[in-house]
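Worksheet for the structure shown next.
Counting from 1, the numbers follow the sequence of the chain as shown.
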Amino acid sequence: MDPKTDFAVVSQSALDRESLLNAVRRRDSAAPMVFVHGYNYNFQEALFRLAQLKTDSNLEGTPVLFSWPSLAALPAYVADKESATYSRDALATLLTDLVRARNGEVDVFAHSMGGWLTVEALRQLRLEGKGDVLDRLRVIMAAPDID
């Protein structure tokens, strides 16, 4: 495997919330892009998809993965939907923090059940009266898992 031509993890670091927000503040040229993965994805698969999305689309913004606790198993659809719904407040908080840290737009790319989760987070933001945050979000949904 060649890291110049293949997706490969060559290093890692853990960021606390404030470090993440500081990193986003430093990159003021492009909106950060939050990827909300779908049903039947584990963390590693979601991270790989985010890297692929960033590379294939030539997005300039800082990529941010919002990973929720999927069981990553085909028969676990109902459990995954419960986990996604449970995660809505955390996603709403992240989106609020990113919008306010940047004082600008934030792109959200939601796939599959991540679309359900994103809509739930948007609903939560509306119920909390955070129209200022909603006005700064640009949301794209791919095959959203919404009736």
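- Looking at heavy atoms from C-beta onward, D132 lies in side-chain contact with K130 at the 4.5 angstrom threshold.
- In this structure, OG1 on T96 lies 9.5 Å from CD on Q124, to the nearest 0.5 angstrom.
- Criterion: ILVMFWY side-chain heavy atoms under 4.5 Å apart, direct or through other members. Under it, V99 and F35 are not part of a common hydrophobic cluster.
- Within a 6.0 Å sphere centred on CZ of R126, other residues, nucleotides and ligands contribute 12 heavy atoms or fewer.
- Linking Ile, Leu, Val, Met, Phe, Trp and Tyr residues whenever their side-chain heavy atoms come within less than 4.5 Å leaves L53 and F48 in two separate clusters.
- Residues L21 and L91 are members of one and the same hydrophobic cluster, defined by side-chain heavy-atom contacts under 4.5 angstrom among Ile, Leu, Val, Met, Phe, Trp and Tyr.
- A donor-acceptor pair under 3.5 Å is formed between the side chain of S70 and the backbone N or O of Y41.
- When all heavy atoms are compared, the tightest approach of I146 to G115 is CD1-O, 3.9 Å.
- Proximity of N103 to R136: side-chain heavy atoms (C-beta onward) are separated by under 4.5 Å at one or more points.
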Please determine whether side-chain contact (heavy atoms from CB on, under 4.5 Å) holds for the pair T62 and R102, giving the CA-CA distance in whole Å, both sets of side-chain angles, and the decisive distance to 0.1 Å.
CA-CA 11 Å; T62 302; R102 264 191 62 66; over 6 Å; no
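- One hydrophobic cluster, built from ILVMFWY side chains closer than 4.5 Å, holds both L94 and W116.
- Partner V139 forms a side chain to side chain contact (heavy atoms under 4.5 Å, CB included) with one of V34, V106, D107, V108 and no other, that one being V108.
- Taking each heavy atom of A72 and N42 in turn, the nearest pair found is CB-N, 3.7 Å.
- At least one donor-acceptor pair under 3.5 Å links the side chain of K54 to the backbone N or O of G61.
- Within a 6.0 Å radius of CD in E60, other residues, nucleotides and ligands contribute 12 heavy atoms or fewer.
- Shortest non-hydrogen contact noted between W68 and Y39 is CZ2-N, 4.0 Å.
- Residue-environment remark: CG (D147) stays at or below the threshold of 12 foreign heavy atoms within 6.0 Å.
- Exactly one of M33, H37, R49, R138 qualifies for a side chain to side chain contact (heavy atoms under 4.5 Å, CB included) with F109. That residue is M33.
- Side chain to side chain, S83 and D80 fail the donor-acceptor criterion of an N or O pair below 3.5 Å.
- Here the straight-line distance linking atom CG of L20 with atom CG of L15 works out to 6.0 Å at 0.5 Å rounding.
- Put simply, the side chain of R17 reaches to within 4.5 Å of the side chain of T93, judged on heavy atoms.
- Separating the CG atom in L137 from the CG atom in L98 is a distance of 9.0 Å, to the nearest 0.5 Å.
- Among all heavy-atom pairs drawn from A73 and N40, the shortest one is N-OD1, 3.0 Å.
- Cluster annotation: V119 is connected to L95 through the hydrophobic network of ILVMFWY side chains, with a link wherever side-chain heavy atoms come within less than 4.5 Å.
- Nearest approach of R25 to N22, heavy atoms of both residues: NH1-OD1, 2.6 Å.
- Rounded to the nearest 0.5 Å, atoms CD (E120) and CG (L125) are 11.5 Å apart.
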Passes side-chain contact (heavy atoms from CB on, under 4.5 Å), F66 versus L117? Steps please.
CA-CA 10 Å; F66 183 85; L117 170 53; 3.7 Å; yes
